[in-house]
Amino acid sequence: MSQKKQDMRSALDILDGVNRITRVQGEVDPKFELPAVLAQSPNRSAVIFEKVKGYSVPVVGNLVDRENFALTCGIESSIEASLQYIDRGITNPIEPVMINNAPCREIVITEDIDVMKTIPVTTFFEKEAGPYIMSAIVVAKDPETSKRNVSMNRLLVLGPDRLMIGMSPSHHLYRLLEKAMQLGKTLEVSIAIGNHPAVLVAANAYVDLGFDEFEIAGGMFGEPLELSPGIAVDVEVPAGAEFVIEAEFIPGELHEEGLVSEFHGMYVDYGKSPILQVKGITHRKDPIFQIILPGRFHEHFIIGAMAIETTALRHIRTAVPRVKAAYITEGGMGRSHLVTSISDPRPGEGQKAIFAAFAHCNLIKHITVVDDDIKVDDPIDVEWAIGTRMRAERDIMIIPGVRTDRADPLVKEGTVSKVGIIALREPTALPKAEIPKEIIEKVKSEWKHYQVQVGDKYVDRSFSYIK
Ligand SMILES: Cc1cc2nc3c(=O)[nH]c(=O)nc-3n(C[C@H](O)[C@H](O)[C@H](O)COP(=O)(O)O)c2cc1C
Ligand SMILES: [Mn+2]
């Protein structure tokens, strides 16, 4: 592989360099115990489990949070920078390049395939049916156009060479499978595990069918993503992936999944899902297995949130050109609550932003619109705007019966009521009380001089409320 920094290992190296990796040296059981340690981990650094019971493969979890994303993508850690970086990937996509003898093909297994023997797949929740691979990107090709599609899908291990794949009917992979069935073809997939955070976020972008998400990853990196051809199927994966599982859908066979945890932290029952027949497994030498703790946990939120807020912002921009930022909150599970800011909004533009965001993504069901002096990712700032600028009788929109995601805990026949809150400043608003700007700048630049000592501790008086 070339020296390109597009794989999970290069991301881990960066995090290691800034002490954002915790190493767990005690042995942990991949069934419940490992996820329990990850769930209890006090900070958001990545966690590497070095000794996993029954395996010689280490496991990494908690790879992606907003700070780690920024560090591993080489951008500033701010909502504006991440929006700009992901948006660049979508606006200026770069076609991937193919390389041979990629690291992900160092070890090839095509006989006596046994997923659980090779990969330390973890079992997360009490009432789930078994071990789930949650960090995988699933690559498939449109049986009509051959255009590539990349998404993240949960995979339940059913047997040595059989996986159940969870797929929402509103997502592209489902449409590709339907097309294949109509054409009487089998659909092949290549599943890559252990990827760079940028690749994971790209796989979650809400773009049109036919838009290859690997081109978005290339656009984000500013260079083509390196791909490796398949060994048993005609589908490519990132060359630096840790594990690759090549498979095809078994036509007509479905598996009753039982309960599965969703991003809101509750079990849902989606009924029957398709089954994959595994045809080969390849991996790097000394592979590392990546897990994402599913359900109401930070990493599951963040990967989706960063993708959805960027594509929502692009969509809102077509209706409201001066929209500035968009942010999917953590309380909103990285899915359902959006805050968006507009510079110098005209009457009715708050409403237009709300319509555009609801039209864009079924998952979004609660939107707050603020002015551009409000930091969209600061819940205190947003609440201040609601407290000082929103007139409830005029500014709260309740829109009944809007299409929602099937995971929504309140869903009824596919719909819920959605809420828009317009917390925009009126022209007659009271002026903000401010200390002269030049004095604030002087104090900030000479801050050491002004530090206040209380007892033996210095008090850092935050300037976050002074704009
Ligand atoms: C950790 C994680 C797990 C996910 N699991 C699933 C899943 O099991 N089924 C699904 O349909 N979408 C799942 N998603 C969301 C999709 O990957 C995402 O909506 C993607 O944009 C769909 O792409 P597509 O429309 O190209 O198929 C998951 C996302 C994350 C971050
Ligand atoms: Mn797609």
Side-chain angles (χ1 to χ4, degrees), residues 35 38 61-65 69 86 89-90 93 122 124 128-129 132-142 145 147-157 163-179 187 189 191-195 197-217 255 257 259-265 267-274 276 290-312 328 333-336 360-364 404-408:
L38 196 57
N62 238 356
L63 173 68
V64 186
D65 71 356
F69 180 82
I86 303 164
I90 303 172
T122 49
F124 294 101
E128 286 183 341
Y132 275 101
I133 299 172
M134 285 303 303
S135 63
I137 58 168
V138 178
V139 192
K141 284 183 186 165
D142 189 315
T145 64
K147 293 228 165 97
R148 214 182 277 119
N149 189 69
V150 190
S151 56
M152 288 185 77
N153 298 78
R154 69 183 180 284
L155 300 156
L156 172 65
V157 183
L163 305 169
M164 189 219 76
I165 176 163
M167 32 203 275
S168 163
S170 61
H171 291 163
H172 295 155
L173 186 60
Y174 194 95
R175 306 236 305 261
L176 299 190
L177 181 61
E178 275 183 338
K179 276 192 190 189
L187 187 69
V189 293
I191 296 160
I193 304 160
N195 288 287
V199 174
L200 298 180
V201 170
N204 276 272
Y206 272 73
V207 290
D208 293 339
L209 181 66
F211 196 148
D212 177 358
E213 286 88 351
F214 281 154
E215 295 191 12
I216 299 175
H255 178 81
E257 182 175 23
L259 298 180
V260 59
S261 72
E262 260 297 357
F263 58 80
H264 42 60
Y267 289 120
V268 288
D269 185 347
Y270 289 131
K272 293 189 162 111
S273 283
L276 296 170
Q290 185 192 3
I291 68 166
I292 292 174
L293 198 54
R296 200 176 160 206
F297 289 96
H298 193 70
E299 192 172 16
H300 192 172
F301 293 171
I302 292 305
I303 294 170
M306 287 194 295
I308 298 167
E309 68 205 9
T310 308
T311 51
I328 303 264
M333 302 150 283
R335 300 289 183 279
S336 64
H360 172 60
C361 178
N362 288 348
L363 282 160
I364 300 171
T404 191
D405 190 84
R406 67 177 185 155
D408 191 310

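Order of appearance sets the numbers: ligands from 1, and atoms from 1 within every ligand. Basis for what follows: all heavy atoms, side chains included, without hydrogens, waters or symmetry-related copies. Given the structure is predicted, the values throughout are model-derived calculations rather than measurements. For this chain, numbers begin at 1 and follow the sequence in order.
- Val150 counts as a contact of ligand 1, since one of its heavy atoms falls under 4.0 Å from the ligand.
- Looking at Asn149 against ligand 1, only its side chain comes within 4.0 Å, counting heavy atoms.
- Residue-ligand proximity, Ala205 to ligand 1, at heavy-atom distances under 4.0 Å covers atoms 21 (O).
- Here the OG1-CG distance, from Thr310 to Asn204, works out to 11.0 Å after rounding to the nearest 0.5 Å.
- With rounding to the nearest 0.5 angstrom, the CE atom of Met306 is 12.5 Å from the OG1 atom of Thr311.
- In terms of protein heavy-atom proximity, atom 27 (O) of ligand 1 is closest to His172 N, 3.0 Å.
- Between Pro294 and ligand 1 there is no heavy-atom distance shorter than 4.0 Å.
- Those atoms of ligand 1 that come under 4.0 Å of a heavy atom in Met167, given as number and element, are 9 (N), 11 (O).
- What sits closest to atom 23 (O) of ligand 1 on the protein, heavy atoms only, is Ser151 CB, 3.4 Å.
- Put simply, CG on Asp142 and CG on Asn149 are 8.5 Å apart, with the number rounded to the nearest 0.5 Å.
- For ligand 1, the polar-atom distance check finds an N/O of Met152 within less than 3.5 Å of one of the ligand's N/O atoms.
- Counting atoms of ligand 1 from 1 in the listed order, those under 4.0 Å from a heavy atom of Leu173 are 27 (O).
- The nearest heavy-atom contact from the protein to atom 20 (C) of ligand 1 is Ala203 O, 3.5 Å.
- With ligand atoms numbered from 1 in the order given, ligand 1 contributes 1 (C), 3 (C) to contacts under 4.0 Å with heavy atoms of Met134.
- In this structure, the protein non-hydrogen atom closest to atom 15 (C) of ligand 1 is Asn204 OD1, 3.7 Å.
- Rounded to the nearest 0.5 Å, atoms CG (Leu363) and CD1 (Ile308) are 5.0 Å apart.
- Contact analysis puts Glu213 in contact with ligand 1, with a non-hydrogen atom separation below 4.0 angstrom.
- In Tyr206, the part holding a heavy atom less than 4.0 Å from any atom of ligand 1 is the side chain.
- For ligand 1, the polar-atom distance check against Arg335 finds no nitrogen or oxygen pair separated by under 3.5 Å.
- Atom NE2 in His255 sits 5.5 Å away from atom CG in Leu156 (nearest 0.5 Å).
- Looking at Ser261 and Phe124, their side chains never come closer than 4.5 Å, going by heavy atoms from C-beta outward.
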>> Run the side chain to side chain donor-acceptor pair (under 3.5 Å) test on His172 and Ser151 for me, step by step, so that the C-alpha distance in whole Å, both residues' side-chain angles and the decisive distance to 0.1 Å come before the verdict.
In response: CA-CA 8 Å; His172 295 155; Ser151 56; over 6 Å; no
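- Nearest protein neighbour of atom 10 (C) of ligand 1, counting heavy atoms only, is His171 ND1, 3.5 Å.
- Residue Phe301 holds its CZ atom at 10.0 Å from CG of Leu293, rounded to the nearest 0.5 Å.
- The proximity of Ala307 to ligand 1, defined as any non-hydrogen pair under 4.0 Å, does not occur for either the backbone or the side chain.
- Those atoms of ligand 1 that come under 4.0 Å of a heavy atom in Ser168, given as number and element, are 10 (C), 11 (O).
- Protein heavy atom closest to atom 1 (C) of ligand 1, with residue, atom name and distance, is His300 CD2, 3.6 Å.
- Side chain of Ser135 to main chain of Gln290: a donor-acceptor pair is present (N/O by atom type, distance under 3.5 Å, no hydrogens or angles).
- Listing protein N, O or S atoms at distances below 2.8 Å from the Mn ion (ligand 2), with waters left out, gives Asn149 OD1, His172 ND1, Glu213 OE2.
- Taking a cutoff of 4.0 Å between a charged side-chain nitrogen and a carboxylate oxygen, Arg154 and Glu257 qualify as a salt bridge.
- Each of the atoms 7 (C), 8 (O), 9 (N), 10 (C) of ligand 1 lies under 4.0 Å from some heavy atom of Gly166.
- Among residue pairs with one or both ends in residues 297-311, those qualifying as salt bridge (charged side-chain N to carboxylate O under 4.0 Å, His left out) are Arg66-Glu309; sequence neighbours excluded.
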